[in-house]
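Structure first, commentary second.
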Protein chains: 2
Amino acid sequence: MPHHEDVNKKSPVRLLVVDDEPHIADLVATVARYEGWNAVTAGTGEEALRQAAGFSPDIVVLDLMLPDVDGFTVLDGLRASGAMVPVVFLTAKDATADRIAGLTRGGDDYLVKPFSVEELMARLRAVLRRSNGPAWKRSVLEVGDLTMDEDTREVKRAGVPVSLTPTEFELLRYLMRRSPAVLTKAQILDHVWEYDFGGRSNVVELVVSHLRRKIDDGHEPLIHTVRGVGYVVRRATG
Amino acid sequence: MPHHEDVNKKSPVRLLVVDDEPHIADLVATVARYEGWNAVTAGTGEEALRQAAGFSPDIVVLDLMLPDVDGFTVLDGLRASGAMVPVVFLTAKDATADRIAGLTRGGDDYLVKPFSVEELMARLRAVLRRSNGPAWKRSVLEVGDLTMDEDTREVKRAGVPVSLTPTEFELLRYLMRRSPAVLTKAQILDHVWEYDFGGRSNVVELVVSHLRRKIDDGHEPLIHTVRGVGYVVRRATG
DNA sequence: CGGTTCCATGACGACCCTGTCACTGACCCG
DNA sequence: CGGGTCAGTGACAGGGTCGTCATGGAACCG
């Protein structure tokens, strides 16, 4: 069973996704539900405010480009109702600088489209962790003697720091989070790469190859390939 | 985990923010809450006095330019209730000299709009520290052999003083406060620069470059760039 | 009102990351 | 045992990011 750090909480995280592209909103909601969260979607600013009132989300994903009203108007509406709900904004890649200025003040964060699903979930978890008071504890993933600190982006094998590129980090995080489950290459592509990535070559194998050299070299291998299926990170089964 | 010097206190700091621009009031409240403080806002002088009575804040952020009553009237109201609550004033850039005269008597302080949020938080922390009796201890940030005294603005590397410009100091303070977390350039821009700064060029890289020359030159590097993510100040992990 | 310091902007070069291709090797099945 | 499929790795090129310099302007100070 995948690693769900939220299963022990009394109530699941409540997420509101606001995006006028149903494709995107559903994608995010689906992934969140798979993590055990409670997710609803809205396609317009008006709908978003209605949903927020009835659903009282713990966190919001808000596309700044909405058909009816400006995303900032929705934000004001959310904030006007008193609750200081944290927000992760979505912006187009070509968004002007003044539109994304100030988005990370407070505890909020933002992401440019197209994003990778794992990246978005990681940001949501980080924002949530921080919004739960100042004494938030770091999130450290651990498999065998391999550790990953998601906040400092520090990865160590047997205590020795390893430096990873962004893609390598993302892929390894996904494998570690789901460890000891086996993930197919399709899953990895869908979660780690941007959602509009069309490449169907051997990118995954390539990055895994690099990861092995950096992480498994000279140690007991933790990255295993399951032929015909995909990859998994775990200690040799005993 | 970021440096939160308040987590061990019995009760969190109680902050009242008085500003007629909701954007500003919310901004300050959000950042304060992110630091673990308890923050409420007021948009008018009347509301401010009401809030102060019920909330009994430890410290107040007060815009001198209010729609209904003069900021000084609010101040008198606050002080009339006996408690000697410290205040950090906000003034417009074009405020006349006589209006800001005497504002820093007592333990108070003031800031001109637009300010940077880190600057405001630093002043609030400083005023709070001093208001807790005369024997306030200095706040010294420390990362490896790099130290920063926030009150004297003294920065030393391996005991040797380094002189920094205001922007350099502010950026370094932000990185040191959050060390060993990695901060994105967007976060740095949002926190260190004034809140209406629209700059989209390589200011951050430039200032970091200057900081490196002044701080890391000839030493073990403490400022690291995390490609594709941002910057971090920390000792090489071991 | 001159000089100096500090800061923002643009340009440019260097480096790193990434995806594709090509080739080799490993594994599976007949 | 041999062919075919799948995985691993090296090489390469395009694109993006980062660091630095040079320039001009604003603020500050004497």
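So that the names make sense, note that chain A is the first sequence line, chain B the second, and so on, each numbered from 1.
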Taking Q187(A) for the side chain and T184(A) for the main chain, is one N or O donor matched with an acceptor at less than 3.5 Å? yes
Under 4.0 Å from OP1 or OP2 of dG8(D): is there any side-chain N or O of S209(A) that close? no
Taking the axis from the first five pairs and the axis from the last five, what angle separates them in the helix from dC1(C)-dG30(D) to dG30(C)-dC1(D), rounded to 10 degrees? 30°
Round to a whole Å and report the spacing from NZ of K214(A) to P of dG8(D). 17 Å
Could you walk me through whether E168(B) and K214(B) pass the salt bridge (charged side-chain N to carboxylate O under 4.0 Å, His left out) check? CA-CA 10 Å; E168(B) 291 164 2; K214(B) 293 185 177 179; 2.8 Å; yes
How close or far is atom P of dT17(D) from atom OH of Y231(B), stated in whole angstroms? 12 Å
Among the nucleotides dG10(D), dG8(D), dT20(D), whichever has the atom closest to the side chain of L206(B) is dT20(D)
So if I take every side-chain heavy atom of R213(A) and compare against dG19(D), dG19(C), dG10(D), which nucleotide ends up nearest? dG10(D)
Quick one: is dC7(C) close enough that its OP1 or OP2 comes under 4.0 Å of any side-chain N or O from W193(B)? no
Could you walk me through whether D108(A) and R79(A) pass the salt bridge (charged side-chain N to carboxylate O under 4.0 Å, His left out) test, one step at a time? CA-CA 13 Å; D108(A) 296 341; R79(A) 292 285 153 83; 3.2 Å; yes
Are the side chains of P166(B) and E170(B) in touch, meaning some heavy atoms are under 4.5 Å apart? no
Does N202(B) contact dT17(D) through a side-chain donor or acceptor facing the base, at a distance under 3.5 Å? no
Heavy atom of residues 162-173 of chain B under 4.0 Å from DNA chain D: which residues? none
Given atom CG of L211(B) and atom P of dT20(D), what is their separation to the nearest angstrom? 12 Å
Does F115(B) reach the side chain of K113(B), with side-chain heavy atoms less than 4.5 Å apart? yes
Could you tell me if the side chain of R125(A) sits less than 4.5 Å from the side chain of E35(A), heavy atoms only? yes
Distance in angstrom units between D216(A) CG and dA7(D) C1', rounded: 16 Å
Find the distance L189(A):CG to dT18(C):P and express it as a whole number of Å. 14 Å
For each nucleotide in nucleotides 24-30 of chain C, reading 5' to 3', give B when a protein heavy atom comes within less than 4.0 Å of its base, S when such contact involves only the sugar-phosphate, and - otherwise. --BS---
Out of dT20(D), dA8(C), dT9(D), minimum distance to the side chain of E205(B) belongs to dT20(D)
Using side-chain heavy atoms (C-beta onward) and a distance below 4.5 Å, is M65(A) in contact with E21(A)? no
To the nearest angstrom, the CD1-P distance between I223(A) and dT9(D) comes to 11 Å
Take Y110(A) and L64(A) through the test side-chain contact (heavy atoms from CB on, under 4.5 Å) and record every step on the way to the result. CA-CA 10 Å; Y110(A) 80 95; L64(A) 286 181; over 6 Å; no
Y195(B) six-ring face occupied by R105(A) cation (under 6.0 Å, within 45°): no
Rounded to whole angstrom units, what separation is found between the CZ atom of R212(B) and the P atom of dG19(D)? 5 Å
When the nearest nucleotide of DNA chain D is assigned to V229(B) and to V229(A) on a heavy-atom basis, which residue is associated with the more 5' position? V229(A)
Using whole Å, report how far CD1 of I188(B) lies from P of dC7(C). 16 Å
Under 4.0 Å between a side-chain N/O of K185(A) and OP1 or OP2 of dA7(D), yes or no? yes
Run K185(B) and E205(B) through side-chain contact (heavy atoms from CB on, under 4.5 Å) and show every step you take. CA-CA 9 Å; K185(B) 271 177 281 198; E205(B) 287 97 323; 3.1 Å; yes
Please step through side-chain contact (heavy atoms from CB on, under 4.5 Å) for the pair L146(A) and L172(A), ending with a clear verdict. CA-CA 11 Å; L146(A) 175 66; L172(A) 180 61; 4.2 Å; yes
Out of the candidates R235(B), H219(B), R157(B), only one should pair with D145(B) under the side-chain hydrogen bond (donor to acceptor under 3.5 Å, both in side chains) rule; please name it. R157(B)
